[in-house]
Amino acid sequence: MGCLGNILWFLFGGFISGLSWCLAGCLWCITIVGIPWGKQCFKFASLCFFPFGKEVEYGGGVGSLILNIIWLCLSGIPLALESLVFGCILCITIVGIPFGLQHFKIAKLALMPFGSRVR
């Protein structure tokens with residue numbers, strides 16, 4: 001299911017979601033101060049392109065909390081809303097529910113990317 005799911009995901013929405021994360025990463029990397037945020041964006045863009053078979057572990061400390069607050073104010077909310085809208089649209093049909101759930105996983109990640117790991 002993982003390979004077929006990833007191929008279908010990439011064709012029907014994963015490409016757009018991954019490009020959004022890459023665009024956010026490029027915008028963050030324009031400044032030297034934003035490079036840590038840009039690196040996180042590129043790391044999670046790979047998850048957005050092919051999310052099936054991967055899980056996200058959340059954790060972190062005070063440093064992650066501070067970076068997540070800055071992230072949330074500047075880029076997290078638009079990326080989370082994009083994934084939330086796509087997830088709701090895909091969950092309308094029975095066939096789209098697995099894809100919608102992946103979008104909800106990415107929306108949660110868009111709100112708290114620092115301190116989380118993809119495995």
Side-chain angles (χ1 to χ4, degrees):
M1 175 62 189
C3 183
L4 180 62
N6 280 328
I7 291 169
L8 291 173
W9 167 266
F10 187 77
L11 295 175
F12 297 113
F15 182 71
I16 294 170
S17 184
L19 281 180
S20 298
W21 280 88
C22 287
L23 176 66
C26 288
L27 291 174
W28 275 106
C29 285
I30 289 174
T31 64
I32 293 176
V33 177
I35 289 177
W37 287 278
K39 286 176 61 176
Q40 284 294 99
C41 288
F42 293 128
K43 182 170 76 171
F44 293 127
S46 67
L47 171 73
C48 287
F49 284 129
F50 303 108
F52 285 94
K54 298 178 184 172
E55 293 182 20
V56 179
E57 294 177 354
Y58 295 96
V62 176
S64 296
L65 176 68
I66 294 169
L67 293 174
N68 279 330
I69 290 171
I70 295 170
W71 166 261
L72 188 63
C73 293
L74 298 175
S75 294
I77 292 175
L79 288 171
L81 286 177
E82 173 194 16
S83 291
L84 184 67
V85 168
F86 283 153
C88 289
I89 291 171
L90 287 170
C91 283
I92 291 173
T93 65
I94 302 272
V95 176
I97 289 174
F99 301 110
L101 294 176
Q102 294 299 323
H103 269 294
F104 294 143
K105 176 172 72 173
I106 292 169
K108 182 179 176 183
L109 180 67
L111 294 175
M112 301 177 294
F114 288 94
S116 54
R117 282 190 338 213
V118 177
R119 49 174 200 113

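In what follows, every heavy atom counts, from backbone to side chain, and hydrogens, waters and symmetry copies are set aside.
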Exercise. Is there a side-chain hydrogen bond (donor to acceptor under 3.5 Å, both in side chains) between Trp37 and Ser75 once you walk through the steps?
Worked result: CA-CA 10 Å; Trp37 287 278; Ser75 294; over 6 Å; no

Exercise. Can you say whether the rings of Phe49 and Phe15 are parallel (under 30°), tilted (30 to 60°) or perpendicular (over 60°)?
Worked result: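 Ring orientation of Phe49 relative to Phe15: tilted.
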
Give the minimum heavy-atom separation between [X] and [Y], together with the two atoms involved.
X	Y	result
Trp71	Ala110	NE1-O, 2.6 Å
Val56	Ser116	CG1-CB, 4.0 Å
Ser83	Ser17	OG-OG, 4.2 Å
Ala45	Gly18	CB-O, 3.9 Å
Ala24	Leu79	CB-CD1, 4.1 Å
Gln40	Pro113	NE2-O, 2.8 Å

When clusters are formed by joining ILVMFWY residues with side-chain heavy atoms under 4.5 Å apart, either directly or through shared neighbours, do [X] and [Y] land in the same one?
X	Y	result
Leu67	Val118	yes
Ile89	Ile106	no
Leu74	Ile66	yes
Phe99	Leu81	yes

Quick one: are [X] and [Y] in side-chain contact, heavy atoms under 4.5 Å?
X	Y	answer
Ser64	Tyr58	no
Leu72	Asn68	no
Cys3	Phe52	no
His103	Trp9	yes
Phe42	Trp28	no

Could you state the interatomic distance from [atom1] ([X]) to [atom2] ([Y]), rounded to the nearest 0.5 Å?
X	Y	atom1	atom2	value
Glu55	Leu47	CD	CG	11.0 Å
Asn6	Lys54	CG	NZ	7.0 Å
Leu111	Leu84	CG	CG	9.0 Å

Exercise. Which pairs, with at least one residue in residues 104-118 and sequence neighbours excluded, count as a salt bridge (charged side-chain N to carboxylate O under 4.0 Å, His left out)?
Worked result: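 Salt bridge (charged side-chain N to carboxylate O under 4.0 Å, His left out) check on residues 104-118 returns Glu57-Arg117.
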
Problem set entry | ring pair (Phe, Tyr, Trp, His ring centres under 6.0 Å) partners of Phe50, counting only residues at least two apart |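 Ring pair (Phe, Tyr, Trp, His ring centres under 6.0 Å) check on Phe50 returns Phe10.
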
Problem set entry | Enclosure of Leu11 CG (heavy-atom neighbours >12, cutoff 6.0 Å) |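 It does: Leu11 CG has more than 12 such atoms within range.
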
